[in-house]
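A note on names: the letters A, B, ... follow the listed sequences, proteins ahead of strands, and every chain is numbered from 1. In this text, all values refer to a predicted model and were calculated from it rather than measured experimentally.
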2 protein chains.
Amino acid sequence: MSKSVCEQLKLENQLCFPLYAASRLTTKIYAPYLKKLDITYPQYLVMLVLWQYNEMSVKDIGNQLFLESNTLTPLLKRLERKKLIIRSRSIDDERTVIINLTKSGLKLESQAQTIPQQIENSFTVDGFEKEELIVFRDNLVKLLNILNKQKK
Amino acid sequence: MSKSVCEQLKLENQLCFPLYAASRLTTKIYAPYLKKLDITYPQYLVMLVLWQYNEMSVKDIGNQLFLESNTLTPLLKRLERKKLIIRSRSIDDERTVIINLTKSGLKLESQAQTIPQQIENSFTVDGFEKEELIVFRDNLVKLLNILNKQKK
DNA sequence: GAAGATTAAATCGTGTACGATGCAAATATA
DNA sequence: TATATTTGCATCGTACACGATTTAATCTTC
């Protein structure tokens, strides 16, 4: 990349902008599906983690999603208000808050089952081949790992 | 992709999550550089647009960044408070608000010149080849175009 | 086993995002 | 040309993100 400094400052030549915009627009693609479940996109991500691992501390969820308690605590309180989860202090370590799914939280998983396929379809219909999509996702994960390493 | 429905609900198998997380972590990579300029990441994106096009309406900026006035108006007011831009109503069309750079807004560009290269370096040092990075970016832009088409 | 360091959540303040709505200016149409 | 529609921006309410700080519990170290 031997672009001039001026060229580099252009929006389309940066990695950051398409990443930022694609992330936001993707969230919007989920919106109509998630509206039916009455949850937001970040709340959906938390539910994905809980469906997979069942019981987790706030810290654990944060490690999965790269989020801290300052974001998670209010979000989890909203999920609790929706009766999807239960927040309780660990007996072993009073500092730790344990998140458990309620029955309706657990039941919501079946309603969410169809979402990933529908989203994937909306990407593949015009544009991406499925194989291409996999390579792309692997690249994203690779970037994510690099970014995560830098953090430390 | 013949993953079971259950598998598809796992975090690492979705496209959306690495996109969301990578976008957020990338923003954090920018933070120390932007702190020196005393602007946030979305403010930086607006400045990129203005450095490239000089004079733009709120609508124009929104078209470039996929943002609406409900996000841009308060953000632009903050940039105005920092004396980086001037907001004024168009004479031709009183509905339109024209954004112009101030002298210090224009001057800030030279301070931002080094940022893209530094960011690119932090991606390439361990992990990504430059060519790989270009393919990846092109994929992101492709996704962005698909997403943008779906919106309409 | 008390003092100090570390850790897990929570709280606070600021700044996005975004759906929904309001409002005034401009445009289209009867 | 009066009226309806559209357009560009602003406002409002809700929900993230996140740096910085606080609080309480646990762990270290002597």
A.B. asks: Which value, rounded to the nearest 0.5 Å, describes the distance between B/Ile86 atom CD1 and B/Leu79 atom CG?
C.D. replies: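 Those atoms lie 12.5 Å apart.
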A.B. asks: By nearest atom, which of the nucleotides D/dG8, C/dC18, C/dA9 is closest to the B/Thr96 side chain?
C.D. replies: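 Out of D/dG8, C/dC18, C/dA9, the nucleotide with an atom closest to B/Thr96's side chain is D/dG8.
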A.B. asks: Considering heavy-atom distances to DNA chain C, does B/Pro42 or A/Ala31 have its closest nucleotide positioned more toward the 5' end?
C.D. replies: B/Pro42
A.B. asks: Using OP1 and OP2 only, check whether a side-chain N or O of A/Thr40 sits under 4.0 Å from D/dC16.
C.D. replies: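 True: A/Thr40 side-chain N/O within range (under 4.0 Å) of D/dC16 OP1/OP2.
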A.B. asks: Considering just the side-chain nitrogens and oxygens of B/Arg24, establish if one lies under 4.0 Å of OP1 or OP2 belonging to C/dA17.
C.D. replies: no
A.B. asks: How many angstroms lie between atom CD of B/Gln43 and atom CG of B/Leu45, to the nearest 0.5 angstrom?
C.D. replies: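 It comes to 10.0 Å.
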A.B. asks: What is the distance from CG of B/Asp38 to C1' of D/dG19, rounded to the nearest Å?
C.D. replies: 15 Å
A.B. asks: Parallel, tilted or perpendicular for B/Trp51 and B/Tyr44, by the 30°/60° rule?
C.D. replies: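 Plane angle over 60°, so perpendicular.
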A.B. asks: What N/O pairs connect the protein and nucleotides 26-29 of chain D at under 3.5 Å? Give each pair on its own line.
C.D. replies:
residue, atom, partner, partner atom, Å
D/dT26, OP1, A/Glu94, N, 3.0

A.B. asks: Could you tell me the separation between the NZ atom of A/Lys59 and the P atom of C/dA10, rounded to a whole number of Å?
C.D. replies: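 It is 13 Å, rounded to the nearest whole Å.
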A.B. asks: Measure from the side chain of A/Val97, starting at C-beta and using heavy atoms only, and say which of C/dG19, C/dA9, C/dG15 lies closest.
C.D. replies: C/dA9
A.B. asks: For the side chain of A/Lys28, starting at C-beta, report the closest nucleotide among C/dG19, D/dC9, C/dG15.
C.D. replies: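 For A/Lys28, the side-chain atoms sit closest to C/dG19.
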A.B. asks: What are the two closest non-hydrogen atoms of B/Lys82 and B/Asp38, and how far apart are they?
C.D. replies: NZ-O, 3.2 Å
A.B. asks: Measuring from A/Gln111:CD to A/Tyr33:OH, what's the distance to the nearest 0.5 Å?
C.D. replies: 15.0 Å
A.B. asks: Relative to each other, are the rings of A/Phe128 and A/Phe136 parallel, tilted or perpendicular (30° and 60° limits)?
C.D. replies: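 Parallel, since the angle between the ring planes stays under 30°.
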A.B. asks: Would you mind reading off the distance between A/Leu72 atom CG and C/dT11 atom C1', rounded to a whole angstrom?
C.D. replies: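 Interatomic distance, CG of A/Leu72 to C1' of C/dT11: 14 Å.
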A.B. asks: What is the distance from CD of B/Glu68 to P of C/dG19, rounded to the nearest Å?
C.D. replies: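 Checked: the CD to P distance equals 7 Å.
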A.B. asks: May I ask you to evaluate whether B/Tyr41 reaches the phosphate of C/dG15, defined as a side-chain N or O under 4.0 Å from OP1 or OP2?
C.D. replies: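 Negative; the distance criterion is not met.
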A.B. asks: Would you name the heavy atoms of A/Leu19 and B/Ala22 that are closest together and state the gap between them?
C.D. replies: CD2-O, 3.8 Å
A.B. asks: Report the residue (A/Leu67 or B/Ile98) whose heavy-atom-nearest nucleotide on DNA chain D is the more 5′ of the two.
C.D. replies: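 Its nearest nucleotide lies further toward 5', so the answer is B/Ile98.
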A.B. asks: Under 4.0 Å between a side-chain N/O of B/Gln43 and OP1 or OP2 of C/dT16, yes or no?
C.D. replies: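 The answer is yes; a side-chain N or O of B/Gln43 sits under 4.0 Å from OP1 or OP2.
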A.B. asks: With side chain to side chain contact (heavy atoms under 4.5 Å, CB included) as the test, would you mind laying out the steps for A/Leu143 and A/Asn139 before giving the verdict?
C.D. replies: CA-CA 6 Å; A/Leu143 174 65; A/Asn139 267 327; over 6 Å; no
A.B. asks: Any idea which of C/dA8, D/dC9, C/dA17 is nearest the B/Arg89 side chain?
C.D. replies: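 Shortest atom-to-atom distance from the side chain points to D/dC9.
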A.B. asks: In whole Å, I'd like the distance from the CD1 atom of A/Ile85 to the P atom of C/dA9.
C.D. replies: 12 Å
A.B. asks: Separation of B/Ile39 atom CD1 from C/dG15 atom P, in whole Å?
C.D. replies: 13 Å
A.B. asks: Taking B/Ser110 for its side chain and B/Lys107 for its backbone only, find out whether a donor-acceptor pair lies under 3.5 Å.
C.D. replies: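 Yes.
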A.B. asks: For A/Ile39 versus A/Leu84, what's the shortest heavy-atom pair and its separation?
C.D. replies: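 Taking every non-hydrogen atom into account, CG2-CD1, 3.7 Å.
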A.B. asks: Return the minimal non-hydrogen interatomic distance between B/Ser122 and A/Ile146, and the atom names on each side.
C.D. replies: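 Closest approach of B/Ser122 to A/Ile146: O-CG2, 4.1 Å.
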A.B. asks: What N/O pairs connect the protein and nucleotides 11-14 of chain D at under 3.5 Å? Give each pair on its own line.
C.D. replies:
residue, atom, partner, partner atom, Å
D/dT11, OP2, B/Lys77, NZ, 2.8

A.B. asks: Kindly compute the distance separating NZ (B/Lys142) from CG (B/Leu144), expressed to the nearest 0.5 Å.
C.D. replies: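 Interatomic distance, B/Lys142 NZ to B/Leu144 CG, rounded to 0.5 Å: 13.0 Å.
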A.B. asks: Please report the distance, rounded to the nearest Å, between CG in A/Asp60 and C1' in C/dT7.
C.D. replies: 14 Å
A.B. asks: Nearest whole Å is fine: how far is C/dC18 P from A/Ile29 CD1?
C.D. replies: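 Going from A/Ile29 (CD1) to C/dC18 (P), I get 12 Å.
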A.B. asks: Angle between the two end axes of the helix from C/dG1-D/dC30 to C/dA30-D/dT1, five base pairs per end, rounded to 10 degrees?
C.D. replies: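 What I find for the helix from C/dG1-D/dC30 to C/dA30-D/dT1 is an axis angle of 20°.
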